[in-house]
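This report refers to the structure that appears directly beneath it.
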Amino acid sequence: MAKVLMKGNEAIGEAAIRAGCKNYFAYPITPQSEVAEYLVKRLPEEGGVFLQGESEVAVGYMIFGAAGTGERVMTTSSSPGISLMSEAISYIAAAQCPCVFVNIVRCGPGLGGILPAQGDYFQATKGGGHGDYRLLVLAPDGVQEAVEMTMQAFTLAEKYRGPVMILGDGLIGQMMEPVEFPEDLATEPINNDDWATNGMSTRKSKKRNLVKSLFLDPTDLNNHNLALKAKYDQMGREDIQFEAYNTDTDYQVLITSYGTMSRVCRTAIDSLKEEGIEVAMLRPKTLFPFPEAAIYDAATKDSCKTVISIELSMGQMVEDVERCVKGQRPVEFYGECGGDIPSPEKIIDIIKGII
Amino acid sequence: MIVIDYTNNLRIVSLSINMNGIVIICGNYGSGKTETAINLAAKSRQKGMEVKIADLDLVNPYFRTREVRVYLEKLGVEVVLPPKKYMHADLPILTPAVAGMIQQPSELTILDAGGDDVGVTVLAALGDYLSQKNCQLIQVINPLRPFTETIEGCLKIKEEIETSSKLKITGLVSNANLIDETTPEHIYDGYRFINEVSDTTGLPIEFITASSRMIPELDMDRFNCPVLPIDRKLVPPWKSI
């Protein structure tokens with residue numbers, strides 16, 4: 001298929017359709033409202049439904065209801081909206097319903113601003129809602145990857161029977177890039193007759209399915225949490241994604257960065273290379289499960305003296321990086337969180353400052 | 001006639017862009033209105049015209065004319081924007097200065113509207129001022145974008161824009177591109193497509209666009225309309241060096 005020029009938000013909407021998602025519920029918020037604008041035009045053409053909730057709280061539970069039937073369903077929002085949905089996300093994770101949440105992150109805290117940020121790393125990876133749950137979190141660095149990850153997200157949500165989150169900063173939603181939609185990423189839904197409340201008339205089994213998050217018996221609840229934990233451990237074994245950049249050199253500094261910030265770092269790395277300074281980057285594509293072993297291995301290469309995490313936050317992913325490096329190398333941090341993305345020149349200065 | 005030195009081998013674009021007075025740039029969301037507006041302003045100023053440009057994009061939160069204010073002002077283009085403290089707001093702010101620039105237009109006054117029908121609603125609010133003036137409303141089309149890859153799609157957007165703005169579109173611009181992945185074939189296909197839209201609507205093609213880096217590769221004899229060279233200004237931060 002020929003490439004088309006799409007805004008990240010539109011491309012996420014189209015990717016959901018290509019992945020077989022026919023249910024999209026949302027509430028508008030900058031900088032992701034174009035997903036809804038796109039899907040309100042496109043979904044009816046595909047026999048799908050877009051419903052705008054009266055708030056993000058309502059949307060969260062609309063997603064829960066639809067996901068409970070086993071239908072492919074997605075919502076998109078931005079930071080404050082995801083905060084409002086977080087209670088529902090906890091319920092959905094507990095009730096083990098597959099669905100896709102997209103957070104096109106803006107600056108916080110509070111209303112913050114409408115410009116790009118990565119300040120929702122903790123919220124996404126450590127649980128914005130309550131209880132022992134984890135989200136599988138995918139972090140694209142551009143529009144093409146946003147397409148591919150959105151399509152993968154539906155497959156992963158069904159594999160692990162739970163919510164999957166796409167975490168993209170505001171630029172991911174707003175920038176335009178040429179994209180294509182890989183047909184091989186569209187998968188057939190997994191049979192869900194054993195758990196989904198999809199109607200007795202359509203399935204062979206006459207077992208009564210119940211979608212719930214309430215377990216009053218302590219032993220039952222502990223076993224339930226152990227089963228959830230086993231899924232999160234499986235994610236760590238089977239679905240870690242990362243990109244290693246310039247790691248086949250004798251680099252002195254290892255950058256950890258993700259999303260659009262990593263693209264600025266890449267430009268800086270290329271520019272430093274021309275000056276004879278080798279710097280590598282380890283870019284997590286899944287923020288949970290986190291590429292722990294890859295970061296440890298890259299950080300402890302003989303030539304590597306320092307690790308620096310560069311983020312559009314005040315220091316969030318860096319805590320996971322420090323955990324992975326296990327004190328073997330100093331871990332530095334640079335971040336901005338007002339909405340301006342540091343320039344390649346700024347990153348070059350920072351790297352030169354720590355060499 | 002405009003003579004433009006694009007490269008070392010001097011090329012001449014023999015057809016001049018005939019845009020003056022009040023020019024309103026509209027089109028579907030993401031069709032490239034703002035890059036077109038910025039480059040039309042810059043090139044017109046560089047050939048000596050007195051140029052004003054207003055950012056009327058009330059629907060797009062990023063990548064707006066306001067982000068290249070310094071570049072345009074250095075060239076001597078007057079840029080009319082919302083008050084500075086609202087520069088990064090997603091609020092529909094229409095500064096009163098826009099009405100003023102319509103009442104007293106410069107040689108070329110460009111109004112960069114927002115995308116789709118919602119983006120031009122603001123023009124209806126300026127209707128009292130615009131109705132007293134002669135203005136051109138040009139529809140920018142990138143056939144490599146969703147919803148405008150067919151003639152029907154372009155006509156639908158045209159009608160929606162006309163209904164919402166209470167103005168009639170007077171001309172067409174082809175802005176066929178895939179940003180850095182654009183090939184000459186995309187420009188030729190875009191030119192063929194805009195001719196079909198022109199034949200269907202009866203609207204003239206005001207000009208087509210092409211990246212200034214690509215212009216040396218293009219066979220200009222294939223175009224029966226002016227070509228506006230585009231130097232992309234709204235780039236993501238990693239492309240800033």
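It should be emphasised that the depicted structure is a prediction, and the values quoted were computed from it without experimental measurement. Order of the sequence lines sets the chain letters (A, B, ...), proteins ahead of strands, with each chain counted from 1. What's counted below: heavy atoms across the whole structure, side chains too, no hydrogens, waters or symmetry copies.
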Subject >> chain B contacts, top residue of I341(A), I114(A), T260(A) (heavy-atom pairs, under 4.5 Å) >> reply: I114(A)
**OP:** Return the option, out of G173(A), S33(A), P116(A), with the maximum number of heavy-atom pairs under 4.5 Å with chain B.
**Re:** P116(A)
Original post:
Between T183(B) and E185(B), does any side-chain donor sit less than 3.5 Å from a side-chain acceptor?
Top reply: no
Original post:
Looking only at atom types and distance, does a side-chain atom of D169(A) sit under 3.5 Å from a main-chain N or O of V105(A), one as donor and one as acceptor?
Top reply: no
Original post:
Any side-chain donor-acceptor pair under 3.5 Å between Y245(A) and D270(A)?
Top reply: yes
Original post:
Can you name the nearest heavy-atom pair linking N142(B) to A176(B), along with the distance?
Top reply: OD1-CA, 3.4 Å
Original post:
Which one, P31(A), S343(A), G170(A), C265(A), leads in non-hydrogen pairs under 4.5 Å with chain B?
Top reply: G170(A)
**OP:** Check whether E34(A) gets within reach of chain B through its side chain, its backbone, both or neither, counting any heavy atom under 4.5 Å.
**Re:** side chain
Original post:
What residue in L115(A), L171(A), D340(A) has the most heavy-atom pairs under 4.5 Å with chain B?
Top reply: L115(A)
**OP:** Report yes or no: do Y24(A) and T76(A) form a side-chain donor-acceptor pair below 3.5 Å?
**Re:** yes
Subject >> Interatomic spacing from NE2 in H186(B) to CE in M214(B) - rounded to 0.5 Å >> reply: 9.0 Å
Original post:
Is there a side-chain contact between D55(B) and V79(B) (heavy atoms, below 4.5 Å)?
Top reply: no
Original post:
Taking the side chain as C-beta and beyond, is there a heavy-atom pair between M220(B) and I215(B) under 4.5 Å?
Top reply: yes
**OP:** Identify the residues of residues 23-33 of chain B whose heavy atoms come closer than 4.5 Å to a heavy atom of chain A, ordered by number, or report 'none'.
**Re:** Y29(B), G30(B)
Subject >> Closest heavy-atom pair and its distance - F154(A), M74(A) >> reply: CZ-CB, 3.8 Å
Original post:
Does NZ or CZ of R222(B) lie under 6.0 Å from the centre of the six-membered ring of Y191(B), at an angle within 45° of the ring axis?
Top reply: no
Subject >> Rounded distance [0.5 Å steps], CG in L123(B) versus CD in E162(B) >> reply: 12.0 Å
**OP:** Give me the one residue out of R283(A), R263(A), K285(A) that meets salt bridge (Lys or Arg N to Asp or Glu O under 4.0 Å) with E243(A).
**Re:** R283(A)
Original post:
For chain B, which residues from residues 44-56 of chain A have at least one heavy atom closer than 4.5 Å to it?
Top reply: none
Original post:
With a 4.5 angstrom heavy-atom cut-off, which part of D180(B) approaches chain A: side chain, backbone, both or neither?
Top reply: neither
